[in-house]
**Student:** 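I have a structure here, written as structure tokens, and I will follow up with some questions on it.
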Amino acid sequence: MDYDLIIIGSGPGGYVAAVKAAQLGMKTAVVEKAPHLGGTCLNVGCIPSKALLSSSEHFHYASNDFGKHGIKIKGIEINVPEMMKRKDAVVDSLRKGVEYLFKSNKIDRLNGYGSFQDANTVIIKDEDGKEISKTAKNVMIATGSVPVSLPGIETDGKQVVTSDQAIAFDSVPASMIVIGAGAIGLELGSVWSRLGTKVDIVEFLPRIAAGCDQESAKTLQKSLEKQGLKFHLDTKVQSAKAGKDKVVLIAIKDGKELKLEAEKVLVAVGRKPFTEGLNLEATGVKLTERGRIEVDSYWKTATDSIYAIGDVIDGPMLAHKAEAEGVAAVERMAGQAGNVNAALIPNVIYTYPEVASAGLTEEEAKEQQISYKTGKYLFMANGRARAVDQTDGYVKLLACQKTDKLLGAHIVASNASELLAECVTIMEFSGTAEDLARTVHAHPTMSEVIKEAAHTIH
Ligand code: FAD
Ligand code: NAD
């Protein structure tokens, strides 16, 4: 065999797994078809979107709230090419970081499209059509996902776009319709709305942020509405036709036709696993009904030598989930006890305020007939939140009625993503709400709201 492990795909699942494998002494190679390492997350996903969320939040705050601090600046402007240059520099620096990790861990990078010849042989075809073949004891599929398209709506990359283009507009669109009120729609809708775009979000379901605790979703919706985003819920999109300067979108709401027009339409209705061209037929690897690669509890496919992790298998399509699975799968290959607690994958929407959650939602607890108690505390009542002018939102905790074990945490706050980590740790250690309440938190910090929410349970 040429390698102990060949990984197809260098996203957060693939590259983190490769580093772990190399550290465990495996001779490792990664096949990547794109010009850069890092996958969706680094190149067109998590990182560029968070860079733009940061720039647009600064612009919005400077334009609307600096006055409160006694800071007066005249003529605040957004220079979109400069903002994009910064975003590209952030991405570029992180790509270099991944390249460095490959070099320092002696991971071979095989540039080209990977496909299976058999269960232990991968063919790599480069841009010029040149093919090489490499064998490995184990192969890991980490090929990720691509945007879902909607029937009747053709994305042209200019007027009707996916997130790939909405992170790279060269100017602020006057108006944009976003189809889908999930993480992408809410985050990129926020970016452009903060910069001045009139944003309409059309969502098929009666609520936004499906999967989040219902109360958090409602709070976020109100907050985003205050910021100027308009929601059309329970609305089914029929078509979007691009004309000379605008796109006309037709949807059905309450049985009536709704016609919306905008300069851009962002289609953000989910992502689907990417397995095209892998030639899985040559391997015995099976797909689930929803087209994801079928794996057992330790990420092994129906074929012994082939593993799969990340967006291409079941579960939430999140970078940290892909990373955790990659590491644990490699540990399993090495005979170690790698594991991922699927019940505690944090979920964050990086809007203002952010919505971060882990563990059970109230809806899930009811559905599973788990008797629970809740504790809730508002940031409005927190000294630090007032001092830094970030008073929107709350912490809501769910604990078991009988044992007090912490079951779920739902945080709506400016930095909810960071605050959530402490609750996840408590839950990983099967801690109780009382453990959280009795933990001394520094004052004044936003994290005191978590402690106070835990206190309200008792
Ligand atoms: P990917 O990152 O998709 O990587 C797969 C790689 O495999 C790609 O580089 C691809 O080119 C390569 N590949 C595919 N097939 C082949 C082949 N046959 N041969 C060679 N190479 C191949 N998640 C979060 O957790 N937090 C966020 O804030 C967040 N924000 C996001 C924002 C946006 C706009 C988008 C689109 C996604 C976001 N996500 C976020 C989701 C996150 O990007 C994905 O969950 C994550 O990238 C999945 O990692 P992965 O390694 O499974 O696959
Ligand atoms: P999503 O699944 O999160 O949301 C898609 C939304 O589109 C849903 O609310 C769905 O009801 C709606 N929808 C579907 N069909 C529709 C239709 N015909 N008309 C109107 N609405 C329709 O998907 P996404 O926002 O595209 O994100 C894709 C993936 O990327 C997700 O799995 C997400 O977890 C991940 N992501 C994560 C983050 C983050 O962690 N902050 C950020 C961006 C993306």
**Student:** Is there a side chain to side chain donor-acceptor pair (under 3.5 Å) between Asn43 and Arg95? Walk through the geometry before answering.
**Tutor:** CA-CA 8 Å; Asn43 295 292; Arg95 281 175 184 155; 2.6 Å; yes
**Student:** Rounded to the nearest 0.5 Å, how far does SG of Cys400 lie from CG of Leu360?
**Tutor:**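 Result: 10.0 Å between the selected atoms.
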**Student:** Which heavy atom of Leu24 sits nearest a heavy atom of Ala334, and at what distance?
**Tutor:**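 Between these two residues, the closest heavy atoms are CD1-CB, 4.0 Å.
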**Student:** Keeping the roles fixed (side chain from Arg292, backbone from Gly315), state whether a donor-acceptor pair exists under 3.5 Å.
**Tutor:**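 Confirmed, Arg292 side chain pairs with Gly315 backbone.
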**Student:** I need the Gln23 CD to Ile107 CD1 distance, nearest 0.5 Å.
**Tutor:**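 Here the interatomic distance stands at 8.0 Å.
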**Student:** Looking only at non-hydrogen atoms, find the nearest pair between Met446 and Gln390 and report the distance.
**Tutor:**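 Closest pair (atom of Met446, atom of Gln390, distance): CE-O, 3.8 Å.
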**Student:** So Ile177 and Val202, side-chain contact (heavy atoms from CB on, under 4.5 Å) or not? Walk me through it.
**Tutor:** CA-CA 7 Å; Ile177 301 164; Val202 182; 3.8 Å; yes
**Student:** Run the side chain to side chain donor-acceptor pair (under 3.5 Å) test on Gln401 and Ser371 for me, step by step, so that the C-alpha distance in whole Å, both residues' side-chain angles and the decisive distance to 0.1 Å come before the verdict.
**Tutor:** CA-CA 5 Å; Gln401 185 76 50; Ser371 48; 5.5 Å; no
**Student:** The test is side-chain contact (heavy atoms from CB on, under 4.5 Å); show your working for Asp88 and Val90 and say whether it passes.
**Tutor:** CA-CA 5 Å; Asp88 293 340; Val90 170; over 6 Å; no
**Student:** Does the pair Glu215/Lys396 count as a salt bridge with the N-to-O cut at 4.0 Å?
**Tutor:**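 Salt bridge flag = yes for Lys396 with Glu215.
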**Student:** Mind running side-chain contact (heavy atoms from CB on, under 4.5 Å) on Phe379 and Val395 for me, showing each step along the way?
**Tutor:** CA-CA 8 Å; Phe379 283 93; Val395 173; 3.8 Å; yes
**Student:** Taking the side chain as C-beta and beyond, is there a heavy-atom pair between Phe169 and Lys264 under 4.5 Å?
**Tutor:**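 With C-beta onward as the side chain, the pair touches.
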**Student:** Do Ser54 side-chain atoms and Lys50 backbone N/O form a donor-acceptor pair below 3.5 Å?
**Tutor:**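 No: the side chain of Ser54 does not pair with the backbone of Lys50.
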**Student:** Does a donor on one side chain and an acceptor on the other come within less than 3.5 Å for Gln221 and Glu225?
**Tutor:**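 Short answer, yes.
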**Student:** From Lys376 NZ over to Tyr394 OH, what is the distance, rounded to the nearest 0.5 angstrom?
**Tutor:**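 Reported to 0.5 Å precision, the distance equals 5.5 Å.
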**Student:** Looking at Gly157, is its backbone amide N or carbonyl O close enough to the side chain of Thr155 to form a donor-acceptor pair, meaning the two atoms are under 3.5 Å apart?
**Tutor:**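 Checked: no pair found.
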**Student:** Mind checking the NZ-NZ spacing from Lys246 to Lys241? Nearest 0.5 Å is all I need.
**Tutor:**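 It is 15.5 Å, given to the nearest 0.5 Å.
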**Student:** Indicate yes or no: does Asp234 engage Arg207 in a salt bridge with an N to O separation below 4.0 Å.
**Tutor:**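 Not counted as a salt bridge, because no side-chain N and carboxylate O are separated by less than 4.0 Å.
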**Student:** Hey, does the side chain of Ser63 reach the backbone of Phe59 with a donor-acceptor pair shorter than 3.5 angstrom?
**Tutor:**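 Yes.
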**Student:** Are the side chain of Glu418 and the backbone of Asn415 linked by a donor-acceptor contact shorter than 3.5 Å?
**Tutor:**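 No; zero donor-acceptor contacts below 3.5 Å.
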**Student:** Would you say NZ of Lys68 has more than 12 non-hydrogen atoms from neighbouring residues, nucleotides or ligands within 6.0 angstrom?
**Tutor:**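 Counting neighbours around NZ of Lys68, more than 12 heavy atoms of other residues, nucleotides or ligands fall under 6.0 Å, so yes.
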**Student:** Go through the steps to decide whether Val265 and Leu260 satisfy the test side-chain contact (heavy atoms from CB on, under 4.5 Å), and finish with yes or no.
**Tutor:** CA-CA 10 Å; Val265 167; Leu260 298 169; over 6 Å; no
**Student:** Is Lys226 positioned over the aromatic face of Tyr352, cation under 6.0 angstrom from the ring centre and no more than 45 degrees off axis?
**Tutor:**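 Pair Lys226/Tyr352 does not count as cation-pi.
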**Student:** Measuring only between side-chain heavy atoms, which start at C-beta, is Val267 closer than 4.5 Å to Ile153?
**Tutor:**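 Yes - at least one pair of side-chain heavy atoms lies under 4.5 Å apart.
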**Student:** Under 3.5 Å, is there a donor-acceptor pair between the side chain of Thr283 and the main chain of Leu280?
**Tutor:**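 Yes, the answer is positive, given that a donor and an acceptor are paired below the 3.5 Å cut-off.
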**Student:** Strictly distance-based, threshold 3.5 Å: is any side-chain N or O of Ser216 a donor or acceptor partner for the main-chain N or O of Cys212?
**Tutor:**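 No, Ser216 side chain to Cys212 backbone: no donor-acceptor pair under 3.5 Å.
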**Student:** Heavy-atom count check: over 12 atoms from other residues, nucleotides or ligands less than 6.0 Å from Glu154 CD?
**Tutor:**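 Atom CD in Glu154 is not packed in, count stays at 12 or less.
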**Student:** Would you call Lys20 and Glu331 a salt bridge, taking side-chain N to carboxylate O under 4.0 Å as the test?
**Tutor:**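 Yes, charged N to carboxylate O under 4.0 Å.
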**Student:** May I ask you to decide if Ile306's main-chain N or O and Thr303's side chain share a donor-acceptor pair within less than 3.5 Å?
**Tutor:**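 Judged by distance alone, no pair lies under 3.5 Å.
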**Student:** Would you check if the side chain of Glu364 reaches a backbone N or O of Thr361 as a donor-acceptor pair within less than 3.5 Å?
**Tutor:**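 Judged by distance alone, yes, a pair lies under 3.5 Å.
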**Student:** Quick one about Ser417 and Glu354 (side-chain donor to acceptor, distance below 3.5 Å, no hydrogens or angles considered), yes or no?
**Tutor:**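 A donor-acceptor contact under 3.5 Å links the two side chains.
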**Student:** Is it true that, when you exclude Gln368 itself, more than 12 heavy atoms of the residues, nucleotides or ligands shown sit nearer than 6.0 Å to its CD?
**Tutor:**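 Yes - once you tally the heavy atoms of other residues, nucleotides and ligands closer than 6.0 Å, there are more than 12.
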**Student:** May I ask you to test the Glu362-Thr374 pair for a side-chain heavy-atom distance under 4.5 Å?
**Tutor:**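 Result yes, sub-4.5 Å side-chain heavy-atom pair found.
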**Student:** Should Tyr307 and Tyr298 count as side-chain neighbours, where that means a heavy-atom distance under 4.5 Å?
**Tutor:**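 Of all side-chain heavy-atom pairs linking Tyr298 with Tyr307, none is under 4.5 Å.
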**Student:** Let me confirm one number: the OG1-CD distance from Thr351 to Glu57, rounded to the nearest 0.5 Å.
**Tutor:**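 Going from the OG1 atom of Thr351 to the CD atom of Glu57 covers 9.5 Å.
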**Student:** Do the non-hydrogen side-chain atoms of Thr275 and Ile293 ever get within less than 4.5 Å of each other?
**Tutor:**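 Answer yes - side chains close enough.
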**Student:** Under 6.0 Å from the CZ atom of Phe204, do we count more than 12 heavy atoms belonging to anything else shown?
**Tutor:**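 Atom CZ in Phe204 is not packed in, count stays at 12 or less.
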**Student:** If you compare all heavy atoms of Ala399 against all heavy atoms of Asp404, which two are closest, and at what distance to 0.1 Å?
**Tutor:**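 For Ala399 and Asp404, the tightest heavy-atom pair comes out as CB-O, 3.8 Å.
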**Student:** Does the side chain of Leu407 come within less than 4.5 Å of Ile370's, by heavy atoms?
**Tutor:**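 In short, these two side chains touch, coming nearer than 4.5 Å.
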**Student:** Check the angle between the aromatic planes of Phe66 and Tyr61 and answer parallel, tilted or perpendicular using the 30° and 60° thresholds.
**Tutor:**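 Perpendicular.
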**Student:** I'd like to know if Lys198 pairs up with Asp200 as an ion pair, taking the criterion as any Lys NZ or Arg NE/NH1/NH2 lying under 4.0 Å from an Asp or Glu carboxylate oxygen.
**Tutor:**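 Salt bridge present between Lys198 and Asp200.
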**Student:** Any donor-acceptor pair under 3.5 Å linking the side chain of Ser163 with the backbone of Ala166?
**Tutor:**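 Checking the backbone N and O of Ala166 against the side chain of Ser163, no donor-acceptor pair under 3.5 Å is found.
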**Student:** What pair of heavy atoms forms the shortest contact from Ala251 to Val237, and how long is it?
**Tutor:**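 In terms of heavy atoms, the two residues are closest at CB-CA, 3.9 Å.
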**Student:** Going through the distances and angles, do His441 and Glu422 end up as a side chain to side chain donor-acceptor pair (under 3.5 Å)?
**Tutor:** CA-CA 11 Å; His441 289 68; Glu422 122 170 66; 2.6 Å; yes
**Student:** Nearest 0.5 Å please: distance from the NZ atom of Lys286 over to the OG1 atom of Thr301.
**Tutor:**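 Interatomic distance, Lys286 NZ to Thr301 OG1, rounded to 0.5 Å: 9.5 Å.
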**Student:** Just so I know, are the side chains of Ile201 and His232 near enough to count as touching, which here means a heavy-atom distance under 4.5 Å?
**Tutor:**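 They are not in contact (no side-chain heavy atoms under 4.5 Å apart), so the answer is no.
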**Student:** Near Lys253 NZ, under 6.0 Å, is it more than 12 heavy atoms from other residues, nucleotides or ligands?
**Tutor:**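 Above 12, so yes.
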**Student:** Just so I know, are the side chains of Cys41 and Pro12 near enough to count as touching, which here means a heavy-atom distance under 4.5 Å?
**Tutor:**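 When only atoms from C-beta onward are counted, Pro12 and Cys41 do touch, with a gap below 4.5 Å.
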**Student:** Might you point out which heavy atoms bring Ala242 and Gln159 nearest each other, and give the distance in Å?
**Tutor:**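 Of all heavy-atom pairs spanning Ala242 and Gln159, the closest is CB-OE1, 3.5 Å.
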**Student:** Using the side chain to side chain donor-acceptor pair (under 3.5 Å) rule, take Glu263 and Ser175 through it: C-alpha gap first, then chi angles, then the decisive distance, then the call.
**Tutor:** CA-CA 5 Å; Glu263 193 182 317; Ser175 51; 5.2 Å; no
**Student:** Ignoring hydrogens, what is the shortest heavy-atom contact between Thr28 and Ala22? Give both atom names and the distance.
**Tutor:**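 That closest heavy-atom pairing would be OG1-N, 3.8 Å.
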